[in-house]
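Report on the following structure.
Note that the numbering runs from 1 along the sequence shown for the chain.
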Amino acid sequence: MAEIRPFETGDADAAAALLSSVFAPPTVIGPTAVLHWAASSPERAQARVWVAHVERRIVGWADAQLKWSSADEGLTEVWVAVHREHRGRGIGRRLSGLAEEHALALGARQIRSFAREDEPDSLAFAERRGYREARRERSWCLDLRAAAPQPPADPAGFRVVRLGELRDRVHELFELYALTDADMPSDYEHRLEFDEWRRETWENPRLDFELSAAVLAEEHPVAFAWITADRETKQGENEMTGTHPAYRGRGLARLAKEATIAWAAEAGLGYLLTSNDSTNAAMLALNERLGYEPRPATIELAKDV
């Protein structure tokens, strides 16, 4: 029978292997990403993580916390993963029970989770526990090995720079990031605090300052496309792309993303992954024009309690 205990830092390698197997190729989740996620949630989120192991092999994961980037009170999130070879043995039920119990102790009014659309068993498991589909995220993958992108030319009045050139302008970048994040399609109000964002996003060891781009107008950042990357596994992911509302409709998001694609290919990355809300028509169309191929969508789930 599987044993369940709190996650420890020494579990990072095994947990990363489990999560990579759950998400399937070309997704690769490294131990650095696992450790950062576990450590970067602010204290007020009261995050907890558990692992399940069978004969010292980690085969399950669960986490639960307050949705700290939301202004809505009582919004919590949980997620459970079980290795495919160990499903149907009650491990997911036990992990889910622990996660939901913690969410309720945090005063949950609604619990959010997610599952992939090509995992019918996972969706059925969630439905049996009272979850319903709330939103849908379209997922994409760009195969850089089959492309030969060139860095775009700067249009008149604008300049594309690598994020590394703006390390000393973190407050200005935060303001742009938070402004665009607040416009993201969602069922709840987004609200970011600088110190929390800095730890979770800016200080993410996978945020690649050489592959991420910002667009400047009169030397002020007005658009951006940031990349998290693992140079060892040659995989990158679009962390966030956005444009200041006053500068939209000028192709600046595309300009930034084209720069990141060219730089990522030049750096030897094999893939770029991204996802967008299914109602974000502008970004969906942009991904298609840039050559991203669709992958199974992620279904955001919700349960009122």
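The side-chain hydrogen bond (donor to acceptor under 3.5 Å, both in side chains) test with His190 is passed by exactly one of Asp72, Asp181, Thr180: Asp181.
Of the possible polar contacts, none joining the Arg138 side chain to the Pro296 backbone as a donor-acceptor pair under 3.5 Å is found. Not a single donor-acceptor pair under 3.5 Å links the side chain of Asn287 to the backbone N or O of Leu284. In this structure, the side chain of Ser70 does not engage the main chain of Lys67 through any donor-acceptor pair within 3.5 Å.
At a cut-off of 3.5 Å, with distance as the only test, a side-chain donor of Arg145 or Tyr271 sits close to an acceptor on the other residue. Between the side chains of Tyr292 and Asn276, not a single donor N or O lies within less than 3.5 Å of an accepting N or O. Side-chain contact, His53 with Arg56: no donor N or O sits under 3.5 Å from an acceptor N or O. A side-chain donor-acceptor contact under 3.5 Å links Gln65 and Ser41. In summary, the side chains of Arg44 and Gln46 do not present any donor paired with an acceptor at a separation below 3.5 Å, with no hydrogens or angles considered.
Placement of Leu163 and Phe194 within a single hydrophobic cluster is found when ILVMFWY residues are connected by side-chain heavy-atom separations under 4.5 Å, directly or transitively. Placement of Ile91 and Ile58 in two distinct hydrophobic clusters is found when ILVMFWY residues are connected by side-chain heavy-atom separations under 4.5 Å, directly or transitively. Following chains of ILVMFWY side-chain contacts shorter than 4.5 Å, one cannot reach Leu106 starting from Tyr188, and the two form parts of different hydrophobic clusters. Both Leu272 and Leu290 are assigned to one and the same hydrophobic cluster, defined by single-linkage of ILVMFWY side chains at heavy-atom distances under 4.5 Å. Clustering ILVMFWY residues whenever any of their side-chain heavy atoms sit less than 4.5 angstrom apart, transitively, puts Leu192 in the very cluster that holds Leu207.
The number of heavy-atom neighbours closer than 6.0 Å to CD of Glu266, taken from other residues, nucleotides and ligands shown, is 12 or below. The environment of Glu133 atom CD is dense: over 12 non-hydrogen atoms of other residues, nucleotides or ligands sit within 6.0 angstrom. Other residues, nucleotides and ligands contribute at most 12 non-hydrogen atoms within 6.0 Å of the CZ atom of Arg191.
For the pair Arg162 and Phe209, the cation-pi test (distance below 6.0 Å, angle within 45°) is failed.
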Next on the checklist: Please evaluate residues Gln110 and Lys303 with respect to the criterion side-chain contact (heavy atoms from CB on, under 4.5 Å), reporting the C-alpha separation (whole Å), side-chain torsions for both, the decisive distance (0.1 Å), and the verdict.
Outcome noted: CA-CA 6 Å; Gln110 186 179 81; Lys303 178 168 74 169; 5.9 Å; no
Next on the checklist: One pair to check against salt bridge (Lys or Arg N to Asp or Glu O under 4.0 Å): Glu300 and Arg112. What are the steps and the verdict?
Outcome noted: CA-CA 7 Å; Glu300 187 173 350; Arg112 310 285 289 210; 2.9 Å; yes
Next on the checklist: Working note: Glu193 + Asp195, criterion side-chain contact (heavy atoms from CB on, under 4.5 Å); need CA distance, chi angles, decisive distance, verdict.
Outcome noted: CA-CA 6 Å; Glu193 300 292 340; Asp195 287 339; 5.9 Å; no
Checklist entry - After noting the C-alpha distance and the side-chain angles of Leu104 and Glu101, does the key distance pass the side-chain contact (heavy atoms from CB on, under 4.5 Å) rule? => result CA-CA 5 Å; Leu104 292 173; Glu101 181 181 359; 5.8 Å; no
Item to check | Derivation of the side-chain contact (heavy atoms from CB on, under 4.5 Å) call for Leu166 and Leu216 | outcome: CA-CA 10 Å; Leu166 305 177; Leu216 305 182; 4.2 Å; yes
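Aromatic pair Trp61/Phe7: ring centres closer than 6.0 Å. Taking the six-membered ring where the residue is Trp, the centroids of Phe23 and Trp79 are separated by under 6.0 Å.
Counting heavy atoms from C-beta on, the side chains of Met283 and Thr241 come closer than 4.5 Å. With contacts defined as side-chain heavy-atom distances shorter than 4.5 Å, the pair Leu269/Trp263 does not qualify. For the pair Trp140 and Asn238, the minimum side-chain heavy-atom distance is 4.5 Å or more. In this structure, Arg231 and Glu210 have side chains that are in contact, with non-hydrogen atoms separated by less than 4.5 Å. Side-chain atoms of Leu301 and Arg129, non-hydrogen and from C-beta on, never get closer than 4.5 Å to each other. Taking the side chain as every heavy atom from C-beta outward, Leu35 and Trp37 never approach each other to under 4.5 Å. No side-chain heavy atom of Val49 sits under 4.5 Å from any side-chain heavy atom of Pro6. Within the 4.5 Å cutoff, the side chain of Arg57 has heavy atoms near those of the Glu85 side chain.
Ring geometry for Trp50 versus His102: interplanar angle over 60°, hence perpendicular rather than tilted (30 to 60°).
Atom-to-atom distance recorded for Glu137:CD and Asn280:CG is 9.0 Å, nearest 0.5 angstrom. Atoms CG and CG, on Leu18 and Asp13 in that order, are 12.5 Å from each other to the nearest 0.5 Å. Here CG of Leu176 is found 8.0 Å from OG1 of Thr243. Values are rounded to the nearest 0.5 Å. A distance of 4.5 Å separates CD1 in Ile299 from CG in Leu123, rounded to the nearest 0.5 Å. Of the inter-residue distances, the one linking Leu19 atom CG with His83 atom NE2 reads 11.0 Å to the nearest 0.5 angstrom. Residue His36 holds its NE2 atom at 9.5 Å from OG1 of Thr228, rounded to the nearest 0.5 Å.
Here the closest non-hydrogen pair linking Asp208 and Ser212 is O-OG, 2.8 Å. Residues Gly30 and Ala16 share a closest heavy-atom pair of C-CB, 3.6 Å. Smallest separation of non-hydrogen atoms from Ala81 and Leu95: O-CD1, 4.3 Å. In terms of heavy atoms, Thr76 sits closest to Ala108 at OG1-CB, 3.4 Å. Between Ile111 and Ala103, the shortest heavy-atom contact is CD1-CB, 4.0 Å. For Asp118 against Arg116, the heavy-atom pair with the smallest separation is OD2-NH2, 2.7 Å.
A salt bridge links Asp187 with Arg135: the closest approach of a Lys/Arg side-chain nitrogen to an acidic carboxylate oxygen falls below 4.0 angstrom. A salt bridge is absent between Arg109 and Asp304; no separation between the charged side-chain nitrogens and carboxylate oxygens falls under 4.0 Å. Using a 4.0 Å cut-off between a side-chain N of Lys or Arg and a carboxylate O of Asp or Glu, Arg248 and Asp183 qualify as a salt bridge. Ion pair Arg84/Glu119 flagged as a salt bridge, since at least one NZ, NE, NH1 or NH2 atom sits closer than 4.0 Å to an Asp/Glu carboxylate oxygen. Using a 4.0 Å cut-off between a side-chain N of Lys or Arg and a carboxylate O of Asp or Glu, Arg136 and Asp277 do not qualify as a salt bridge.
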Show the atom names and distances, to 0.1 Å, of all donor-acceptor pairs under 3.5 Å that link a side chain in residues 218-225 to residues at least two apart or in another chain.
| from | atom 1 | to | atom 2 | distance (Å) |
| --- | --- | --- | --- | --- |
| Glu219 | OE1 | Arg159 | NH2 | 2.7 |
| Glu219 | OE2 | Arg159 | NE | 3.4 |
| Glu219 | OE2 | Arg159 | NH2 | 3.4 |
| His220 | ND1 | Glu172 | OE2 | 3.1 |

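Thr201 meets the side chain to side chain contact (heavy atoms under 4.5 Å, CB included) test with Tyr177, Trp197, Trp226, Glu239; sequence neighbours excluded.
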